[in-house]
Amino acid sequence: EENTRKHDEL
Amino acid sequence: MNLFRLVADLMHLVSIFILLLKMQKTRSVAGRCSRISFKTQALYATVFLTRYTDLFANFQSLYNTTMKVFFIASSLYIVFLMKFKFKATNDPRLDTFKAQYVVGGAAALALIVNYAFTVQEVLWTFSIYLEAVAILPQLFMLTKTGEAEVITTHYLFALGTYRGLYLVNWIYRYWTEYYVDWIVWIAGAVQTGLYCDFFYIYFTKVLKGAKFELP
């Protein structure tokens, strides 16, 4: 899923 | 980045500085009547270590990397202070919350409910679930001691506000960029929910100068 995109939040 | 998330991160920083200030000032982890839960601080260190495994691989911005390094370093430093420097003032008999239950629960859930079954993604998911409940040993300790020093309540206020503002950040990001992340949304809502009764007492008592005492 696109949610495994790089986590951009702390 | 938006203002809500920036202020939220700053409140997170403030909470850490308040805790460090309290420990340096009272040179202990147990003031007259309020205690800091070692378990909660150890859980936070675990949260940061398992969440920021992408510290070098996933460069978002200088801000992002700097904050990650600070959170890892400060949480480990606090654990060090509590475990070694101020060990004499740390009474494990009061820190009785079964932390292994929240660690086990978060780990099990992360293995089942995640966005991808990869080591890094499962660790990240574990850290999200763990952070949601990491404050429980501290809140549990407050109920046992029945009251807390004012500085401890400010620490908890800053910590609760940080994730509360993240909820606002997520609403803003959904509205402006259709950002959706169910795992952090639900975990963040649970995390903020755990502070509700604390916030009630904080606003009705502490801010009116009364002592923080649980009814």
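Chain A is the first sequence line, chain B the second, and so forth, proteins listed ahead of strands; every chain is numbered from 1. The basis for the numbers below is simple: all heavy atoms, side chains too, and nothing from hydrogens, waters or symmetry mates. Because the structure is a prediction, the values reported are computed rather than measured.
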Can a donor-acceptor pair be found between the side chains of A:His7 and B:Gln120 at a distance below 3.5 Å? no
Pairs under 3.5 angstrom only: tabulate donor-acceptor contacts from the side chains of residues 192-199 of chain B to other protein residues two or more places apart or in another chain.
| from | atom 1 | to | atom 2 | distance (Å) |
| --- | --- | --- | --- | --- |
| B:Thr192 | OG1 | B:Gly188 | O | 2.9 |

By a 4.5 Å heavy-atom criterion (distance strictly below it), what part of B:Asn169 contacts chain A: side chain, backbone, both, or neither?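 Side chain only.
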Taking side chain as everything from C-beta outward and backbone as N, CA, C, O, which of these in B:Ala8 sits under 4.5 Å from a heavy atom of chain A? Side chain, backbone, both or neither. neither
Should B:Tyr179 and A:Glu9 count as side-chain neighbours, where that means a heavy-atom distance under 4.5 Å? yes
Are A:Leu10 and B:Asn64 packed together at the side-chain level, in the sense that at least one heavy-atom pair is separated by less than 4.5 angstrom?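 Side chain of A:Leu10 against side chain of B:Asn64, heavy atoms only: contact under 4.5 Å found.
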Considering heavy atoms only, which positions within residues 68-77 of chain B lie below 4.5 Å of chain A? B:Lys68, B:Phe71
Give me the contact list for residues 45-53 of chain B versus chain A, heavy atoms only, anything under 4.5 Å, ordered by residue number.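 Against chain A, the residues of residues 45-53 of chain B that fall inside the cut-off (heavy atoms, under 4.5 Å) are B:Arg51, B:Tyr52.
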Atom OH of B:Tyr174: over 12 foreign heavy atoms under 6.0 Å: no
Are more than 12 heavy atoms from other residues, nucleotides or ligands located less than 6.0 Å from atom OH of B:Tyr101?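 12 or below, so no.
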Going by ring pair (Phe, Tyr, Trp, His ring centres under 6.0 Å), name the residues that satisfy it together with B:Phe117, two or more places apart in sequence or in a different chain.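 Testing B:Phe117 for ring pair (Phe, Tyr, Trp, His ring centres under 6.0 Å), a comparison that skips the adjacent residues, returns none.
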